[in-house]
2 protein chains.
Amino acid sequence: MKVSELSDLSGLPVQTIKYYIREGLLPKGAATAATRAEYDDRHLERLRLIKALREVGDLPIASVKRIVTAVDDDSVGLHDLLGTVQYALGPRTEPHAEDSGWQAARQDVDAIVAELRWRVLPDAPTRDMLAQAFLALRRLGLPIVLTQLRPYIEAAILIAEHEVGAVSVEGERGKTVQTAVATNVLYEQVLIALRRMAQEDVSARRFGEAADSGEPPHGAGGP
Amino acid sequence: MKVSELSDLSGLPVQTIKYYIREGLLPKGAATAATRAEYDDRHLERLRLIKALREVGDLPIASVKRIVTAVDDDSVGLHDLLGTVQYALGPRTEPHAEDSGWQAARQDVDAIVAELRWRVLPDAPTRDMLAQAFLALRRLGLPIVLTQLRPYIEAAILIAEHEVGAVSVEGERGKTVQTAVATNVLYEQVLIALRRMAQEDVSARRFGEAADSGEPPHGAGGP
DNA sequence: GAGCATTGGATAGCGATAGTATCCAGCAAG
DNA sequence: CTTGCTGGATACTATCGCTATCCAATGCTC
């Protein structure tokens, strides 16, 4: 297919597609002449993945590139791919290690991981991410108690087990891998949205007086 | 205290503090002369909150502003504050409603919320957020099954109940409110980090190095 | 096979975001 | 009285993620 068709089918401007090719997110089309190239379904699928990672996952271009590079690399196994994705998602703001409070927070994290006997690499970005949150909470005068943390840990385990269990290793690698990436990034958004909704619900029952005690208004739908 | 002290204590450059004041994130110091102003602990605390929301929550300045404005407004109750925070967090990428697939995704979301009898406002941004994820999943050929969703819903409820239960309504409003905001934004990061860690753990056990059969991962791991 | 639209490839520009840097003048304390 | 730190204003910068423009070579239509 032509680039204009690719554009129509993906919903992305031709210029953006060109940009993605320049950035190495999308392979070039098969050149049929100096000013002509042929694109196929793989391009379209890749474009859809990029779109999902950008629009839903809100990943920067550089992160998307790292992910698709790993997806395309047949020598990368499923578990390593997960690692790549998590590095790409990483903590958006890098911590600076000279901070004394940082060291403490990071040690708290390491202690928790050790106690849970989780197989998490020592330099996994998730450790930094968690430590950063701990540090911020401490600085705000909200110390982390393990009992406070328990429900989060249980929820995390519940979900992770479900997710990894849902990955089917059958079929061709490309499909499996794309599914794994999408699950990781998109269901994270699903989880976040559901948590916020549940929060609103529980909060409404507890503090909300404005909402009538009856059912949520049915007909009041709309934007 | 002087602005330079505030800078030292908060770890933010003086120029950045000035910038935050310009943007309305931080109130001006009490002017003692034309070129002198006095800052107090409230300024420091606010700065720490801003820092946490920016660095951990990764919120744009405009969102932080909306949040602190609500925090400062005594007429805003706890539940409404939550709403403000959720609007500020919102879906980063706005959906365009003309898409036909969007309508369907959004209806799926509304149906789920209705079935769960959750008290979520009809125009809550979380609905759009979830619909966006649904739409992206569908476009990638990964339809959403309710059984797939169950663990997420259960986890969300588990966490939300724990969180809202932890909010103490006693004490002065300022503290309560700051705690509520911090809980919302920072523990979201905690949850995300924990989920990713748990994923790595489960994945390591399943696909990790000690792989027995199937495809041995070619150690070309992280970046 | 003439003519017009479309492409690939390259380069330049743009708008938003989040700060930095500079300048100026008024104080403040030694 | 001098030194150096403010507050306030304005200007500049860097990064990101696209857009826009240009050009020459095609392809497609008639």
Side-chain angles (χ1 to χ4, degrees), chain A residues 1-40 43-44 47 49-68 88-90 92-94 96, chain B residues 1-40 43 47 49-68 88-94 96:
Chain A
M1 72 183 81
K2 298 189 296 181
V3 75
S4 53
E5 298 177 78
L6 193 60
S7 169
D8 288 343
L9 288 170
S10 67
L12 290 164
V14 172
Q15 283 307 323
T16 302
I17 295 173
K18 283 184 170 188
Y19 169 65
Y20 288 163
I21 293 173
R22 276 204 301 283
E23 294 298 313
L25 269 58
L26 186 72
K28 289 201 290 189
T32 61
T35 65
R36 205 123 292 225
E38 185 68 12
Y39 300 88
D40 56 26
H43 289 93
L44 180 56
L47 229 30
L49 178 61
I50 294 169
K51 204 170 178 241
L53 295 180
R54 292 268 322 118
E55 294 184 1
V56 183
D58 198 38
L59 299 191
I61 296 292
S63 300
V64 175
K65 181 177 181 178
R66 263 176 283 156
I67 291 175
V68 298
L89 293 169
R92 343 156 192 296
T93 314
E94 290 297 312
H96 41 180
Chain B
M1 71 183 83
K2 299 189 295 182
V3 75
S4 53
E5 299 177 76
L6 193 60
S7 169
D8 289 343
L9 289 170
S10 67
L12 290 165
V14 172
Q15 283 307 323
T16 302
I17 295 174
K18 283 184 171 188
Y19 169 64
Y20 287 163
I21 293 173
R22 276 205 301 283
E23 293 298 313
L25 269 57
L26 186 72
K28 289 201 290 188
T32 62
T35 65
R36 205 124 292 224
E38 185 69 12
Y39 300 88
D40 57 26
H43 289 92
L47 229 31
L49 178 62
I50 294 169
K51 205 170 179 240
L53 295 180
R54 291 268 321 118
E55 294 183 0
V56 184
D58 198 38
L59 299 192
I61 296 292
S63 299
V64 175
K65 182 176 181 179
R66 262 177 282 155
I67 290 176
V68 298
L89 293 170
R92 335 196 159 281
T93 314
E94 290 296 312
H96 41 179

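In what follows, chains carry the letters A, B, and so on, assigned in the order in which the sequence lines appear, proteins first and then strands, with residues in each chain numbered from 1. Reckoned from all heavy atoms, side chains included, excluding hydrogens, waters and symmetry mates.
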Could you tell me the separation between the NE2 atom of A:His43 and the C1' atom of C:dG8, rounded to a whole number of Å? 13 Å
What is the distance, to the nearest angstrom, from the CD1 atom on A:Ile17 to the C1' atom on C:dG8? 13 Å
Are the side chains of B:His43 and B:Ile17 in contact, using a 4.5 Å heavy-atom criterion? no
Expressed in angstrom and rounded to an integer, what is the separation of A:Glu38 atom CD from D:dT26 atom P? 17 Å
What's the CD-P distance between A:Glu5 and C:dT7, to the nearest Å? 8 Å
In whole Å, what is the span from the CG atom of B:Leu6 to the P atom of D:dT6? 11 Å
What is the distance from atom CD of A:Glu38 to atom CG of A:Leu6, rounded to the nearest 0.5 Å? 10.5 Å
Output the distance between atom CG (B:Asp58) and atom CG (A:Asp58), rounded to the nearest 0.5 Å. 8.0 Å
Does A:Arg22 have any side-chain hydrogen bond (donor to acceptor under 3.5 Å, both in side chains) partners at least two apart in sequence or in another chain, and if so, which? none
Any chance you could list the contact pattern along nucleotides 18-30 of chain C? Use B for base contacts, S for sugar-phosphate-only contacts and - for none, protein heavy atoms under 4.0 Å, 5' to 3'. BBBBB---BSS--
Spacing between A:Glu23 atom CD and D:dG17 atom C1', to the nearest angstrom: 9 Å
d(CD1, A:Ile21; P, D:dC18) in whole Å: 14 Å
Starting the side chain at C-beta, find the nucleotide from D:dC5, D:dG7, C:dT6 nearest to B:Val3. D:dG7
Calculate, to the nearest 0.5 Å, the distance between atoms CG and NZ belonging to A:Leu59 and A:Lys65 respectively. 15.0 Å
Side-chain heavy atoms of A:Tyr19 within contact of A:Ile61, under 4.5 Å: yes
Could you tell me the separation between the CG atom of A:Leu53 and the C1' atom of D:dG17, rounded to a whole number of Å? 16 Å
